[in-house]
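Taking it in order: structure first as structure tokens, then the write-up.
The sequence lines fix the lettering, A, B, ..., with proteins before strands; numbering per chain opens at 1. Owing to the predicted nature of the structure, the values given are computational and were not obtained by experimental measurement.
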Amino acid sequence: MPKDTFYITTAIDYTNSAPHIGHAYEKLLADVIARYQRSCGKEVYYLTGVDQHGQKVQQSAEREQIPAQEFADRNTAKFIEMWQLLGLQYDGWAATTHPQHKAVVQAILQKLYDAGQIYKATHTGYYSVRQEQFLTDKERNEEGEFGPEWGEVEEREEENYYFKLSDHIEWLKAFVHAHPHFVYPAFRAKELVNALERADAIDLCITRPKSRLEWGIEIPFDTDYVTFVWFDALINYISFAGYLKDEVAVDTAGLPDFEALWPADVHLIGKDIMVPAHAVYWPIMLHAIGFPDEAMPKLVVHGFWNDKRGEKLSKSEGNVIDPATRVERFGREGLRYYLMSAIATGRDADFNDERIEDAYSQDLAKNLGNLLNRSLNMPKRYRERVLTKDADYDDDLNREIRETFTTLPERVAEKMANYQVNLALEVIWSALTLCNQYVDKTAPWALAKDENEAVRLDSVLYHLAEAMVHAAFHIAPVMPETSQRMQDQLNYHFPEGFTVADLKWGLLPDGHQLGEGTPLFPRLT
RNA sequence: GGGCCUGUAGCUCAGCGGUUAGAGCAGGGGACUCAUAAUCCCUUGGUCGUGGGUUCGAAUCCCGCCGGGCCUACCA
């Protein structure tokens, strides 16, 4: 039975540096999906947050001689500031230093330890003293040696705790085989299947001795160790959803009801952290904890933004994209529209400033903004802004407009079911183009000159204004403020709790008085 | 080394075995005036990265090569 809640999460960002366009894209996509589901009447819970622990945070903090928490908090503030800039509306904030989260992580570790899923073992390997980490063959350079960037490399032994990943690999293979929609899109699911086929049954090291990493969650059964990355970070998806909140009630203020939310409808992640973290460790952790197959979350894997030459964005290349400067030029919603329209969910895309410029002036200023403006201006000139609802006139052009807008919700839903926001926008924009063509074909300025065409003019003006109301509804997930401004200008506001099921033709009453039209997206200078 | 994705008009992409390869934007021409010189109509433009192969038929399937990207299980 489908639940009427919709639980969506994103990866939680590492607080070692400031947010960039990739972080922004992921959180924005989640925001749009969340708003869309809400507009469909779902009770939505959108969780995002930050991963604050770990060695890099500890090292950076030491370098600046400040406490790790202070360092993490400072970067956390940059993320929050960015999310405000983008107008994100999330319901839960997962910061991994939160006491309730720590307590849940510890409770889970204890439970798995008691169940014999965690054991202690010794690892011998090459260790970089400077970087304070063990090195693997991947760190070797082309000559097969560890380069000077690692400093002094020595052979070292270390005891750690391991999680019995190997016990569950066969289960995971069977699960993935039986649940082809565990990962979206399909080609990523294929990638996972291939990765699992070649997988060795290796266990996962889940601790670090405090002697080299203190900035983490202490494991409950051995105070000399803290837990390492994934056992901390991945658990945020359940700890901040209210998991174990009765059993482990340290600080449960504001936590939702876990039973109502779980399983997550969407774990939105980047392609870089699918294998092994989210598609191997995470389902196995849940399975080991005792979650049944039907309580496994769904993964939605998105692609990356590259630069306009198709090359990776990176600090060292000097081609990073700062969202703030684009917001300054194109407005918050100009950037939101571009980031949602110019990439196919799951694929990579090239970030191109000329394309944002085009999207802003063509799609937003002209096709949408100017359409609203003309739709408001003609009633103002010819009818003192008052609409007549059931004018005694109809024809094929009118019917086409009504049909297009009454079928729009299902056509948008078809695309949104696969998170294809870009295609949903395309469908919406083709309806806007139809409106522009409609104005041209009906030529209201000509009708206005002929008294015999008065009823027809009434019907045209009504169809246009009503279409704009519907458009305001459909663009809302991507551009909530623009939707609001359209409603203001149309002098019609969707009532509280209005959903797509209420979106019927004829929302504007007879005698409706339209508001004043002002450009939604002023021309760029 | 292995896996997955990707290379199609100037740009961003769709098409993924079958009539003359499509869309949006940009470029060119025309119409119209309600509007943020806006909208509408028409139009220029491509040996589908490259070399082979399979097939009656390939952008579409297979193999090699070249370019771009992600992952490869204890470096978010």
Side-chain angles (χ1 to χ4, degrees), chain A residues 11-17 50-51 53-57 123 125 128 131-136 138-139 158 160 162-163 165 169 185 187-208 228-230 233 270-277 279-281 301 303-304 306 308-312 341-344 346-350 352 354-355 357-359 361-363 365-367 369-382 422-423 426 429-430 433 435-441 443-446 448 461 464 517-523:
Chain A
I12 53 175
D13 299 314
Y14 198 55
T15 52
N16 186 42
S17 58
V50 282
D51 178 10
H53 290 127
Q55 185 168 285
K56 283 181 183 168
V57 170
H123 172 74
S128 159
Q131 291 297 322
E132 299 180 31
Q133 70 177 61
F134 278 91
L135 304 176
T136 67
K138 274 178 288 180
E139 272 78 47
E158 190 170 286
N160 269 304
Y162 289 77
F163 169 54
L165 211 61
I169 282 288
F187 71 84
R188 293 287 172 208
K190 189 159 70 175
E191 195 178 324
L192 172 60
V193 168
N194 286 326
L196 286 174
E197 265 172 24
R198 299 186 316 277
D200 299 321
I202 287 175
D203 289 336
L204 176 65
C205 180
I206 57 160
T207 59
R208 287 290 181 272
F228 182 61
V229 287
W230 298 113
K271 61 182 181 177
D272 56 332
I273 54 174
M274 179 182 81
V275 174
V280 181
Y281 300 159
V301 184
F304 282 1
N306 298 314
K308 65 179 178 187
R309 301 187 313 276
E311 282 167 29
K312 190 181 178 177
S341 64
I343 187 169
R347 305 276 168 189
D348 286 359
D350 299 339
N352 189 326
E354 288 158 39
R355 294 289 306 134
E357 196 103 19
D358 287 347
S361 79
Q362 278 302 322
D363 298 352
K366 297 176 181 177
N367 295 349
N370 182 63
L371 174 60
L372 177 70
N373 209 246
R374 65 201 306 219
S375 301
L376 292 169
N377 197 59
M378 290 187 285
K380 179 182 175 183
R381 285 176 70 126
Y382 308 135
N422 60 317
L423 297 182
E426 236 173 64
W429 251 256
S430 69
T433 296
C435 290
N436 274 319
Q437 292 168 327
Y438 175 77
V439 176
D440 209 66
K441 286 176 184 164
W445 48 90
L461 298 179
L464 270 177
T518 51
L520 288 175
F521 297 95
R523 285 171 63 81

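Side chain of A:Y382 to main chain of A:N377: no donor-acceptor pair is present (N/O by atom type, distance under 3.5 Å, no hydrogens or angles). Under the 3.5 Å distance criterion, the side-chain polar atoms of A:D51 are left unmatched by any main-chain donor or acceptor of A:D13. Side-chain atoms of A:D348 come within 3.5 Å of backbone N or O of A:F304 as a donor-acceptor pair.
Where A:N377 and A:Y162 meet RNA chain B, the nucleotide closest to each residue was compared, and A:N377 sits on the side nearer the 5' end.
Following rounding to the nearest Å, A:R208 (CZ) and B:rC75 (C1') show an atom-to-atom distance of 9 Å. In this structure, the CD1 atom of A:I343 is 12 Å from the C1' atom of B:rG69, given to the nearest Å. In this structure, A:D348 places its CG atom 11 Å from P of B:rC71, rounding to the nearest Å. Distance, A:E197 CD to B:rC4 P: 10 Å, rounded to whole Å. Spacing between atom CG of A:D350 and atom P of B:rC13 amounts to 5 Å, rounded to whole angstrom units. When rounded to the nearest whole Å, the span between CD of A:E191 and P of B:rU6 equals 12 Å. The CD1-C1' distance, from A:I273 to B:rU72, rounds to 16 Å in whole Å. The interatomic distance linking A:H123 (NE2) with B:rC75 (C1') rounds to 13 Å, in whole Å.
For the P atoms, the distance linking B:rC4 with B:rU47 amounts to 32 Å, nearest Å. As rounded to the nearest Å, B:rG17 and B:rU55 have C1' atoms that lie 9 Å from one another. Distance noted for atom P between B:rC34 and B:rG29: 25 Å (whole Å). B:rG30 and B:rU44 have their C1' atoms separated by 15 Å, given to the nearest Å. Between B:rC61 and B:rC40, the distance separating the two C1' atoms is 43 Å to the nearest Å. With both ends at atom C1', the span from B:rC42 to B:rU60 equals 31 Å, rounded to whole Å. B:rG15 and B:rG69 are spaced 23 Å apart, taking the C1' atom of each and rounding to whole Å. Between B:rG24 and B:rC41, the distance separating the two P atoms is 9 Å to the nearest Å.
Closest to the side chain of A:F187, from the set B:rG24, B:rC4, B:rC70, is B:rC4. When the nucleotides B:rC74, B:rG24, B:rG3 are ranked by their closest atom to the side chain of A:N194, B:rG3 comes out on top. In this structure, of B:rU39, B:rC70, B:rU72, it is B:rU72 that holds the atom nearest to the side chain of A:P276. Picking from B:rU39, B:rA76, B:rU33 the nucleotide with the shortest atom distance to the side chain of A:W445 gives B:rU33. Here the nucleotide nearest the side chain of A:L520, chosen from B:rU36, B:rC13, B:rC40, is B:rU36.
In this entry B:rA23 has B:rU12 as its Watson-Crick or G-U wobble partner, both defining distances falling under 3.5 Å. Taking a pair to require two hydrogen-bonding distances under 3.5 Å in either a Watson-Crick or a G-U wobble arrangement, B:rG7 pairs with B:rC66.
Contact annotation: A:K190 reaches the phosphate of B:rC5 (side-chain N/O to OP1 or OP2, under 4.0 Å). Side-chain nitrogen and oxygen atoms of A:Q437 include at least one within less than 4.0 Å of the OP1 or OP2 phosphate oxygen of B:rC41. Here A:Y281 reaches the OP1 or OP2 of B:rC74: one of its side-chain N or O atoms lies under 4.0 Å away. In terms of phosphate contacts, A:Q362 brings a side-chain nitrogen or oxygen within less than 4.0 Å of OP1 or OP2 of B:rA26. Listed pair A:N16 / B:rA76 fails the phosphate criterion, with no side-chain N or O lying under 4.0 Å from OP1 or OP2. For B:rC74, neither phosphate oxygen OP1 nor OP2 lies less than 4.0 angstrom from any side-chain nitrogen or oxygen of A:N160.
A:V275 comes within 4.0 angstrom of the backbone, heavy atoms only, and of no base. As judged by a 4.0 angstrom heavy-atom cut-off over every strand, A:A195 is placed among the base-contacting residues.
Looking only at side-chain heavy atoms (C-beta outward), A:H123 and A:Y162 come within less than 4.5 Å of each other. With a 4.5 Å cut-off on side-chain heavy atoms, A:F187 and A:R347 count as touching.
Across A:A195 and A:V275, no two heavy atoms sit closer than the pair CB-CG1, 4.2 Å.
With rounding to the nearest 0.5 Å, the separation of CE in A:M378 from CG in A:L461 is 6.5 Å.
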